[in-house]
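Take a look at the structure set out below.
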Amino acid sequence: MNLLAEIRSRFATALASVDGFTGDTRPIVELVRPSSDAKFGDYQANCAMPLGKQLGKPPREIAASLVEALDVSDWCETPEIAGPGFINLRVKDEQIARLVARAAQSERLGVPQVATPQTVVVDYSSPNVAKPMHVGHIRSTVIGAALAEVLRFLGHRVITDNHIGDWGTQFGMIIYGYKHFVDEVALEKTPVPELTRLYRLVNRLIEYHAAKTTGLPAMEERIAGQTKLVAELGSVPATGDKKVDKKEAKKLHAAENSLRELKADQTSLQNQIAAIDNDPTLGPLAQQHTGIGKAVLQETAKLHEGDPTNRDLWQRILPPCLEEIDATYDRLGVTFDQTLGESFYHDRLAKVVDDLVARGLATESEGAMCVFLEGFDAPMIVRKKDGAFLYSTTDLATIAYRMEEWQPDVILYVVDYRQSLHFEQLFATARMSGFDQVELQHVPFGTVLGEDGKPYKTRSGSAVGLGGLLDEAVDRARAIADGSKLLTTDQERQQVAQRIGIGAIKYADLAHNRTSDYVFSYDKMLAMNGNTAAYMQYSCARVRGIFAKAGVTLEESLSQACEIKLDSTAERALGLALLQFAETLERVAEDYRPNHLTTYLFELASRYSDFFQNCPVVKAESTEIRASRLALCALTVSTLETGLRLLGIESVERM
RNA sequence: GCCCCCGUAGCUCAGGGGAUAGAGCAUCGGUUUCCUAAACCGGUUGUCGCAGGUUCGAAUCCUGCCGGGGGCGCCA
C-alpha cells in the first residue's frame, strides 16, 4: 500500500467536485505530501492556496469545500484546516496497525507493484577495461546498480548494461606496448599487472612527447599572450568612473590569476618532461620512441581494420582485463545483465553514419562528418576526417541496438555530469533519427573530492585505484569488527569487516545528492553514528539481537498473524515510518535519486531507536504486546535490510 | 567569448514554491540493577553568498553581481 498515492488519488476525486476547477489535477494533487512537522499530522495538502488564486476565492473556503468533497474517512481522522488553508491529515491508528500487520505478512513488505511496468535499460559503470578501475568509477557503478535494483523491485523490467570501453585507443596503447616492451614471462604469470605496466609506460611516453612537441610550446605561446594582456590591462589609465575602473581592475585581476595558473601548468609540464629526461631507463626509451603517439593511433586503426596480428593480441589481452574488472565487481557485489562494450558495435558504425547522411542529418565539414544541431555552437562529429568513428557514433549505434532488441521505454545513462553536453547532442540526434518514443535520460553525478576539496587524487596526482580504496575501507572496518564482543572467530570478523567497509563506501556515495560533489572521508563514512552504512548495519544487528533473546526467529514473527498495537507515540511513529517505504521507493524512481532511500532508512532507524528505548519487547507487559512489538521489530529489520539490499549493501547478523 | 552546475550552522551534508530551515560531526550537559552504551536523550549553533524582482508565501523561481567548479569540431 502506497499511502501517499492513495490519499492523492482521493484528493484527485475530490478536486473534480470543487466548483469552477477545470485544469490538470496532477500538479495540484502533488501538493499532498508527508507533513513537514509531526504536529501538523501525517500528511498535509497544500492545494487550497494555489487553487484560491486560480479560482479567485479565499483559500480557506476552497480548503473547506475540498474537505467537504474528500472521502478519506476510512484512512484518516477528520481533516483539519490550518493557517492560510493547509489541510492536515492524520492517519487512523487502527489503519496503521492493520497495514503494518499486512506488510509484515507480505513478501514485498507492503510495497505495491507498479501498475504499468516499463522496460528500462540502465547503462552504468562503463569503465575502460584496459586501465585499472579508479575512484571515478564508484559513483556510476554504485548509483546505477542501486537505481536498477529499486526499479526492478517496483516491478519494472530492467536490463542493466555495462557499456565497457574495450575497443579504443587504450588497446592501441597496450598493443604498441606489447610489441615493444612486453615481458612475456610476466604476462604469462601475472597478466594484469604486466598489461597495466605496459599501458602506463606507453601513456607516459605519449604524454612526454606531447608535452615536449606541442604542449610546452603552446603553453609558452599562451603565456606570452597572457603576459601581454596583463601588461595592457595594467597600463589602462583610470577613468575616474568608479564602476568602469572597478570592472577594469577585475579584468586585470582575472588575467593575472589566469597567467599564474598557466605558469603553474607550465612548471608541471616541465617537471613531467624532466622526470623522464633524468630517468636512466625512461630517458633513452623516450628518445627511441619519438613517434609513439601516432604509432599508437595506427595500432588502434589496424585493430579496427581487422589486422590479424592486432586482432589476435586484442583477443589475448581482453580476457585478463575482463577478469580483473569482474574481480572488482565481485568485491562490490555488482552484476550486469549485459556487457556489450564498444567492440560489440564496431561493425554497425558505418551504417549509423550512412543513415544520418541519408536522412540529411549529417554533413561533411572540414573533412569530418558532422551533425549540426540547432541550439549548439559545435556540431556532434560522428566520423573523423581520418575516417575513424567516435564515441558519439558508438552511442548512436547502441541506442539503435537497444531499441531493436529490447524496445525500452526508458534508457538511463548513469554518467558523470561533465558529459552533459555530449548527451544533449546525442539525444537530440537520436530523436531526429526517429528514436523519439523512448525517454533518453542522462542521470548525471558530481565528482568525488579529497579532503582538500579538489578531485580525489593520490599525492602524486594520479587517480586513486579502486582496489586499494576498497582495501583501505575494509582494513579500517576491521577495527570496528575487532571491537565487537559478539564476533568470535577471525573469519566472522573478517566477513563483517568486509561488509562494513564496502558498505561504507557505497552508502556514503548514495547518501549524497547525486548531482553534487562530495568529500571522500573514511572517518565519516565509517562512523558508528549518523547516516552511515555502519550505523544502519548496527541498527539491523541490534534488532536481530532481540529475536535471539526472545527465542523466536524473525521469520516466525513475520509470518505469524498477530494484532499490532500502537499505544505509545514511539510505536505509532515507527509503524507509520514502516508504511512509508513504498512512497520512498516511488520517489527514488521518480527522480533517480537513491539518497531519498538512505534518508528514509536513517529516519526509520531513528524511529526504531526511539521505540527500542521506550518499549521493552522481550519483557513486554503482556504476551499480546510482546507479539505486536516483535512483529514491529521484524518488519523494521526486514525493511532496513531490504532497503540496504536495494542499495547494494549487505547487512550483518551480529556486530 | 559562449554554455552548464554549485554557494545552507565552525566542519561534512540534506531540504529545491508552503507553516518556526534540518541531520551527523564538533561542543556543553545527562542516561547503564533494563532486549548490543560502538548506543540513547537534551542544550548551544544560521545575513540559506549579496542585491533586486515575481508570489498570499522564496533557501527553493527570475534578473544582476560576487566567489568556486566544469564544459565548449575531430579524446571518452
Side-chain angles (χ1 to χ4, degrees), chain A residues 31 33 35-37 39-40 44-47 49-50 52-53 58-59 82-86 88 126 128 165 168-170 250 342 365-370 372 375-392 394-395 415-422 424 444 446-447 449 451 453-455 479-481 483-486 508 511-513 515-521 523-525 527-532 534-535 538-539 541-550 591 595-596 598-599 602-603 606 609-610 612-620 629-630 633 654-655:
Chain A
L31 294 172
R33 32 188 90 150
S35 284
S36 54
D37 191 314
K39 75 171 177 240
F40 301 132
Q44 65 181 62
N46 306 333
C47 319
M49 286 78 79
K53 179 81 179 170
F86 296 105
N88 292 332
S126 312
N128 275 324
T169 315
Q170 335 89 31
K250 210 181 113 186
E342 292 169 342
S365 164
E366 294 173 38
M369 201 55 82
C370 300
F372 288 91
F376 295 92
D377 291 340
M380 185 171 82
I381 297 176
V382 290
R383 197 176 66 205
K384 300 201 281 183
K385 65 179 167 206
D386 67 3
F389 302 107
L390 296 100
Y391 76 133
S392 38
T394 312
D395 281 355
V415 181
D416 196 314
Y417 74 96
R418 281 174 296 206
Q419 290 189 40
S420 300
L421 181 61
H422 164 66
E424 281 175 41
T447 310
L449 308 174
E451 309 257 8
K454 294 189 183 138
I480 295 175
S484 169
K485 288 158 253 167
L486 299 153
H512 287 95
N513 182 334
T515 54
S516 38
D517 298 345
Y518 74 90
V519 175
F520 187 93
S521 159
D523 287 337
K524 291 208 163 79
M525 70 176 69
M528 285 305 295
N529 262 337
N531 194 9
T532 66
Y535 176 75
Y538 179 70
S539 300
R542 265 208 319 180
V543 189
R544 282 186 172 273
I546 287 182
F547 291 95
K549 269 282 195 304
D591 46 12
N595 67 308
H596 293 316
T598 59
T599 301
F602 182 56
E603 272 164 17
S606 304
S609 175
D610 194 24
F612 178 81
Q613 212 68 26
N614 293 292
C615 307
V617 177
V618 177
K619 292 177 187 165
R629 289 182 178 166
L630 276 169
C633 288
R654 285 187 295 276
M655 68 183 270

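Quick note: numbers below take in every heavy atom, side chains included, and nothing from hydrogens, waters or symmetry partners. Keep in mind that what you see is a predicted model, and the values were worked out from it rather than measured. Below, chain A is the first sequence line, B the second, and so on; all start at residue 1.
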Report yes if a side-chain nitrogen or oxygen of Tyr535(A) is closer than 4.0 Å to either non-bridging phosphate oxygen (OP1 or OP2) of rC25(B); otherwise report no.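 Checking Tyr535(A) against rC25(B): no side-chain N or O falls below 4.0 Å of OP1 or OP2.
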
For nucleotides [N] and [M], find the distance between their [atom1] atoms and express it as a whole number of Å.
N       : M       : atom1 : answer
rC2(B)  : rU60(B) : C1'   : 27 Å
rC61(B) : rG69(B) : C1'   : 23 Å
rG29(B) : rU44(B) : P     : 15 Å

Please state how far atom [atom1] in [X] lies from atom [atom2] in [N], giving the value in whole angstrom units.
X         : N       : atom1 : atom2 : answer
Ile546(A) : rU36(B) : CD1   : P     : 7 Å
Tyr538(A) : rU36(B) : OH    : P     : 9 Å
Asn614(A) : rC41(B) : CG    : C1'   : 10 Å
Tyr417(A) : rC5(B)  : OH    : P     : 12 Å

Answer yes if the side chains of Ser35(A) and Asp37(A) hold a donor-acceptor pair under 3.5 Å, and no otherwise.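 No - no donor-acceptor pair under 3.5 Å links their side chains.
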
Scan [range] nucleotide by nucleotide, 5' to 3', and note B when protein non-hydrogen atoms come under 4.0 Å of the base, S if they reach only the sugar-phosphate, - if neither.
range                        : value
nucleotides 11-19 of chain B : -SSSS--BB
nucleotides 27-34 of chain B : --------
nucleotides 71-76 of chain B : SSBBSB

Within the structure shown, what part of the strands sits under 4.0 Å from [X] by heavy-atom distance: base, sugar-phosphate, or nothing?
X         : result
Met655(A) : base
Ala45(A)  : nothing
Cys615(A) : base

With both distances kept under 3.5 Å, what pairs with rC25(B), Watson-Crick or G-U wobble?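 rC25(B) is paired, partner rG10(B).
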
What is the base-pairing partner of rC48(B), counting Watson-Crick and G-U wobble geometry with both distances under 3.5 Å?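 WC or wobble partner does not exist here.
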
